[in-house]
Structures are given as C-alpha cells and as structure tokens.
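Written below as structure tokens is the structure these notes are about.
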Amino acid sequence: MTRCTDPTEQAVVNGLQGGFPLTERPFRDAGASLGLSEGELLDTLEGLIASKNISRFGPLWNASGIGGDVCLCAMAVPPVRFEAVADLVNAHCEVAHNYERTHELNMWFVISAERPERIAEVISEIETETGLKVHAMPKVREFFVGFRMEV
C-alpha cells in the first residue's frame, strides 16, 4: 500500500469522511466545499482508487436495516501474499473496511450482504480463492461509532 502524500488527496480523504451532500450534483457540491471542481474531485477519487490509497468510494448501507447482515472477518495472511490476498478479498462487492493489523490475524474486513446467507457464500468464495481460512465474527450487538482517520 502506498501512502497518501498529495495535499489535494489528503484534503479529499479528510473532507469526505462522515458526510457527503445529498443534492442533485453531489460531486460538484462536495468539490466546492474542498475548493475543487466536480471534475477535479472525480479525478482525485479515481487516482486514490487507482493508487490503492482507498479501496472504494461509495455509500455505506445499514445491511441489517434492509434485511441483510454484516459480519466482521479476520484472516492470517502470510506477509508476502498480503497485497495479492487483499486484492482478491476487496474484489468482492460485499467487502468493506479491509485493514492490515499487527496481529497473527493481520487482515480484518467487514462483509455486508443484502441476504444473510450471502455472508457464508462470500466467506467460502474468499477461502477458495485464497486458500486461507476466514474467521467469521458475526455481529452480536451493534454500536455506532463515529470513526475518522485523518491522513
């Protein structure tokens, strides 16, 4: 993973955490709040995704609220395979919040699916694709935490 060092990229990452305008032209309006045009904001987001400084940009749905489910997962990934495994895991549209940890279980991510049974399907697919065990930790109780990471 590379690090975000461009001041515009840092402003975009820091500025768009925790809120995004729900307007007719949300990228225009979000860009304006950061001193960027709509095109500059879109180009910056595409660059952040291409450089893997962010894995995705999009809404975060409350899957449980619409009949789906959410599951925290962890894997023990050999360090030499970490980036390749991260690419395989992140290729699943149900995966969000994939982070590297300094622990035996060094990859942690969330699976959010529109159908509860899809969680097990995604885990099975990831295990088949990577050859590694996925440790599933289903949600027991939900907490809402305002998490922000300044870059």
Side-chain angles (χ1 to χ4, degrees), residues 1-22 26-27 30-31 33-34 36 41-151:
M1 174 187 292
T2 60
R3 297 289 179 230
C4 186
T5 57
D6 178 86
T8 300
E9 291 179 345
Q10 290 174 331
V12 167
V13 171
N14 292 335
L16 297 184
Q17 294 183 56
F20 196 74
L22 297 176
F27 289 94
S33 71
L34 297 167
L36 301 171
L41 176 58
L42 289 168
D43 289 346
T44 301
L45 288 169
E46 288 173 3
L48 284 163
I49 292 170
S51 65
K52 297 186 177 183
N53 280 313
I54 62 174
S55 60
R56 65 181 289 271
F57 179 82
L60 183 60
W61 304 101
N62 180 353
S64 301
I66 57 174
D69 206 357
V70 176
C71 185
L72 177 64
C73 299
M75 299 171 69
V77 180
V80 296
R81 294 185 55 205
F82 195 89
E83 291 295 325
V85 171
D87 287 343
L88 291 169
V89 170
N90 292 339
H92 293 267
C93 64
E94 298 88 350
V95 170
H97 307 329
N98 189 348
Y99 297 104
E100 183 175 11
R101 303 283 187 208
T102 55
H103 183 270
E104 180 182 338
L105 297 172
N106 57 349
M107 181 180 288
W108 290 71
F109 54 94
V110 173
I111 298 174
S112 178
E114 64 184 356
R115 296 178 291 111
E117 58 272 17
R118 180 70 182 135
I119 300 285
E121 294 169 3
V122 173
I123 289 171
S124 178
E125 291 166 9
I126 290 171
E127 288 179 336
T128 299
E129 294 164 2
T130 65
L132 300 170
K133 173 151 182 60
V134 174
H135 299 270
M137 295 166 266
K139 178 177 67 177
V140 174
R141 184 172 172 197
E142 190 162 338
F143 297 90
F144 289 94
V145 179
F147 178 73
R148 293 181 52 97
M149 283 182 58
E150 296 291 319
V151 294

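Since this is a predicted model, take the numbers as computed values, not measurements.
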Which residue, Val95, Val70, Asn98, forms the side-chain contact (heavy atoms from CB on, under 4.5 Å) with Val110? Val70
Yes or no on side chain to side chain contact (heavy atoms under 4.5 Å, CB included) for Leu36 and Val12, after CA distance, side-chain angles and deciding distance? CA-CA 9 Å; Leu36 301 171; Val12 167; 3.7 Å; yes
Could you tell me which non-hydrogen atom of Cys73 sits nearest to which non-hydrogen atom of Val134, and how far apart they are? CB-CG1, 3.7 Å
Would Lys52 and Glu83 pass as an ion pair if we require N to O under 4.0 Å? no
Counting neighbours of CD on Glu104 that are heavy atoms of other residues, nucleotides or ligands and sit closer than 6.0 Å, is the number greater than 12? no
Would you call Glu125 and Arg118 a salt bridge, taking side-chain N to carboxylate O under 4.0 Å as the test? yes
With rounding to the nearest 0.5 angstrom, report the CD1 to NZ distance, Ile126 to Lys133. 12.5 Å
Under the side chain to side chain contact (heavy atoms under 4.5 Å, CB included) criterion, do Glu94 and Glu121 qualify, and how do the steps go? CA-CA 11 Å; Glu94 298 88 350; Glu121 294 169 3; over 6 Å; no
Work out which heavy atom in Ala113 is nearest to a heavy atom in Ala63; give both atom names and the distance. O-CB, 3.7 Å
Measuring from Leu41:CG to Thr8:OG1, what's the distance to the nearest 0.5 Å? 10.5 Å
Over all heavy atoms of both residues, which pair between Ile123 and Ala136 is shortest? Give the atoms and the distance, please. CD1-CB, 3.6 Å
Tell me the closest heavy-atom pair linking Phe82 and Val77, and the distance in Å. CA-CG1, 3.7 Å
Would you check if the side chain of Asp69 reaches a backbone N or O of Glu117 as a donor-acceptor pair within less than 3.5 Å? no
Taking all non-hydrogen atoms of both residues, which atom of Gly67 and which atom of Pro116 are closest, and how far apart? O-CD, 3.4 Å
Passes side chain to side chain contact (heavy atoms under 4.5 Å, CB included), Asp6 versus Thr44? Steps please. CA-CA 10 Å; Asp6 178 86; Thr44 301; 5.8 Å; no
Please indicate whether Leu22 has more than 12 foreign heavy atoms, meaning atoms of other residues, nucleotides or ligands, lying under 6.0 Å from its CG. no
Spell out, as yes or no, whether a donor-acceptor pair under 3.5 Å connects the side chain of Thr128 to the backbone of Ser124. yes
Is the ring pair Phe27/Phe57 parallel, tilted or perpendicular, if the boundaries are 30 and 60 degrees? tilted
When rounded to the nearest 0.5 Å, the distance separating CG of Leu45 from CD of Glu9 is 9.5 Å
Indicate the atoms forming the closest heavy-atom contact of Ala11 with Leu34, along with that distance. O-CD2, 3.6 Å
Is a side-chain donor or acceptor of Gln17 paired with a backbone partner of Met149 at a separation under 3.5 angstrom? yes
Given Glu127, Met107, Arg81, the one that forms side-chain contact (heavy atoms from CB on, under 4.5 Å) with Leu132: Arg81
Kindly compute the distance separating CD1 (Ile119) from CD1 (Ile111), expressed to the nearest 0.5 Å. 5.5 Å
Quick one: do Val13 and Asn53 satisfy side chain to side chain contact (heavy atoms under 4.5 Å, CB included)? Show the steps, please. CA-CA 10 Å; Val13 171; Asn53 280 313; over 6 Å; no
